[in-house]
Student: 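Handing you this structure, nothing more for now.
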Amino acid sequence: MWKLYALLSAFFAALTALLAKAGVSGVDSNLATAVRTSVVLLLSWGIVFASGAGGAFAALTGRNLLFLVLSGVATGLSWLCYFKALALGEVSRVAPVDKLSVVFVIVLSFLFLHETVDWKVLAGGTLILFGSLVMLW
């Protein structure tokens, strides 16, 4: 089932890039990010409450909260940089370079989470790396 959600995530990320490029035209990229983030915030909390998961908030540990807050900071910084890149560059170049995050995830998950990296992960990561480098130059 994770594969379906991963594919849907990729599809919605593609839509995000296209719609964001159209939305950031002539607008400060930080303002555009703030508007987008507000929509994500409302949508996320709406889903939490509609699904009845709001009661689980009390079960979050300090560790959970720390890493979720740090993840939120990283997401915010990523989005600010992404929208600035979209404002300055072509979406067909910005979005693929943004996918270098996959390469960073592979390396960091190996170093910090001790996840195994087999030849398929290395091959895929290498292709993404070279594809992104081609887009940069």
Side-chain angles (χ1 to χ4, degrees):
M1 190 65 158
W2 69 267
K3 292 176 184 177
L4 173 62
Y5 284 112
L7 288 171
L8 287 170
S9 174
F11 174 75
F12 287 122
L15 280 181
T16 297
L18 295 172
L19 296 170
K21 179 63 179 178
V24 79
S25 177
V27 176
D28 178 79
S29 63
N30 295 326
L31 174 61
T33 303
V35 170
R36 174 185 173 203
T37 303
S38 299
V39 172
V40 172
L41 176 72
L42 293 173
L43 180 66
S44 298
W45 280 111
I47 291 170
V48 165
F49 289 120
S51 68
F57 188 81
L60 293 174
T61 67
R63 184 177 192 279
N64 293 139
L65 287 172
L66 171 67
F67 283 106
L68 290 172
V69 166
L70 290 174
S71 174
V73 169
T75 297
L77 292 171
S78 171
W79 287 359
L80 288 167
C81 293
Y82 186 69
F83 268 59
K84 188 64 160 180
L86 284 176
L88 299 172
E90 298 174 357
V91 68
S92 61
R93 292 177 183 259
V94 170
V97 172
D98 176 64
K99 298 312 173 214
L100 268 175
S101 62
V102 174
V103 175
F104 295 138
V105 165
I106 292 168
V107 171
L108 295 173
S109 68
F110 174 76
L111 293 175
F112 296 106
L113 301 177
H114 309 291
E115 292 186 359
T116 57
V117 178
D118 61 15
W119 73 269
K120 292 185 279 188
V121 171
L122 287 174
T126 301
L127 290 170
I128 291 169
L129 174 63
F130 286 123
S132 295
L133 292 175
V134 167
M135 297 301 247
L136 281 169
W137 290 289

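The first residue of the sequence shown is numbered 1, and numbering continues consecutively from there. The structure presented is a predicted model; accordingly, all values stated were derived computationally and were not measured.
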Student: Is it true that Phe112 and Leu68 fall in one hydrophobic cluster, defined by side-chain heavy atoms closer than 4.5 Å?
Tutor: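 Per the 4.5 Å side-chain linkage, Phe112 and Leu68 are not co-clustered.
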Student: Taking all heavy atoms of Val27 and all of Gly23, pick out the closest pair and write down the distance.
Tutor: CG2-O, 3.8 Å
Student: Looking at every non-hydrogen atom in both residues, tell me the closest pair between Gly125 and Val103 and how far apart they are.
Tutor: O-CG2, 3.4 Å
Student: Pairs in or reaching into residues 71-95: which pass side chain to side chain donor-acceptor pair (under 3.5 Å), with residues at least two apart or in two chains?
Tutor: Glu90-Arg93
Student: Which atom names give the shortest non-hydrogen contact between Ala87 and Ser29, and what distance separates them?
Tutor: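 Smallest heavy-atom distance, with atoms named: CB-CB, 4.3 Å.
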Student: Using the rule that Ile, Leu, Val, Met, Phe, Trp and Tyr join whenever any side-chain heavy atoms are under 4.5 Å apart, tell me whether Leu8 and Met1 fall into a single cluster.
Tutor: yes
Student: Run the side chain to side chain contact (heavy atoms under 4.5 Å, CB included) test against Phe130 and tell me which residues pass, sequence neighbours left out.
Tutor: Thr126, Leu133
Student: Working to the nearest 0.5 Å, report the span between CZ of Phe83 and CG of Leu88.
Tutor: 13.0 Å
Student: Val97 and Leu127: same hydrophobic cluster, using ILVMFWY side-chain contacts below 4.5 Å?
Tutor: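 The answer is no; the residues belong to distinct hydrophobic clusters.
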Student: I'd like to check the ring pair (Phe, Tyr, Trp, His ring centres under 6.0 Å) partners of Phe49; sequence neighbours left out, ordered by chain and number.
Tutor: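 With neighbours one apart ignored, the set is Trp45.
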Student: Could you list the residues that satisfy side chain to side chain contact (heavy atoms under 4.5 Å, CB included) with Val107, not counting sequence neighbours?
Tutor: Leu111
Student: Check the hydrophobic clustering (I, L, V, M, F, W, Y; side-chain heavy atoms under 4.5 Å; chains of links allowed) and say if Val117 and Val105 are grouped together.
Tutor: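 No; tracing contacts between hydrophobic side chains, which count when under 4.5 Å, never links both residues.
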Student: List, by chain and number, the other hydrophobic cluster members for Ile47, where Ile, Leu, Val, Met, Phe, Trp and Tyr join if side-chain heavy atoms come within less than 4.5 Å, directly or indirectly.
Tutor: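 Hydrophobic cluster check, Ile47: joined to Leu43.
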Student: Through direct or indirect side-chain contacts below 4.5 angstrom among Ile, Leu, Val, Met, Phe, Trp and Tyr, which residues connect to Val69?
Tutor: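 Taking Ile, Leu, Val, Met, Phe, Trp and Tyr as members, Val69 stands alone, with no cluster partners.
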Student: Quick one: salt bridge (charged side-chain N to carboxylate O under 4.0 Å, His left out) pairs with a partner in residues 107-131, sequence neighbours left out?
Tutor: none
Student: Taking only residues two or more places apart in sequence or in another chain, which ones pass side chain to side chain contact (heavy atoms under 4.5 Å, CB included) with Val91?
Tutor: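 Side chain to side chain contact (heavy atoms under 4.5 Å, CB included) check on Val91 returns Ala17, Leu18, Lys21, Leu86.
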Student: Distance check, rounded to the nearest 0.5 Å: Asp98 atom CG versus Thr16 atom OG1?
Tutor: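 Answer for the CG-OG1 pair, Asp98 versus Thr16, is 10.5 Å.
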Student: By the rule that ILVMFWY residues connect when side-chain heavy atoms come within less than 4.5 angstrom, directly or transitively, which residues belong alongside Leu113?
Tutor: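 Leu113 clusters with nothing; isolated.
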Student: Are Trp137 and Leu129 in one and the same hydrophobic cluster, where Ile, Leu, Val, Met, Phe, Trp and Tyr link if side-chain heavy atoms are under 4.5 Å apart?
Tutor: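 Yes, same cluster.
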Student: Can you measure from CG (Leu100) to CE (Met135) and round to the nearest 0.5 angstrom?
Tutor: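 Rounded to the nearest 0.5 Å, the CG-CE separation comes out at 11.0 Å.
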Student: Go through the structure and list residues passing side chain to side chain contact (heavy atoms under 4.5 Å, CB included) with Val35, not counting sequence neighbours.
Tutor: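 With neighbours one apart ignored, the set is Leu31.
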Student: Listed by chain and number, what are the side-chain hydrogen bond (donor to acceptor under 3.5 Å, both in side chains) partners of Thr61, not counting sequence neighbours?
Tutor: Asn64
Student: May I have all residue pairs that pass ring-ring contact (aromatic ring centres under 6.0 Å, His included) and include part of residues 5-42, sequence neighbours excluded?
Tutor: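 Every candidate ring-ring contact (aromatic ring centres under 6.0 Å, His included) pair involving residues 5-42 fails, so no pair, neighbours aside, qualifies.
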Student: What is the distance from atom CG of Leu41 to atom CZ of Arg36, rounded to the nearest 0.5 Å?
Tutor: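 Leu41 CG to Arg36 CZ: 13.0 Å, rounded to 0.5 Å.
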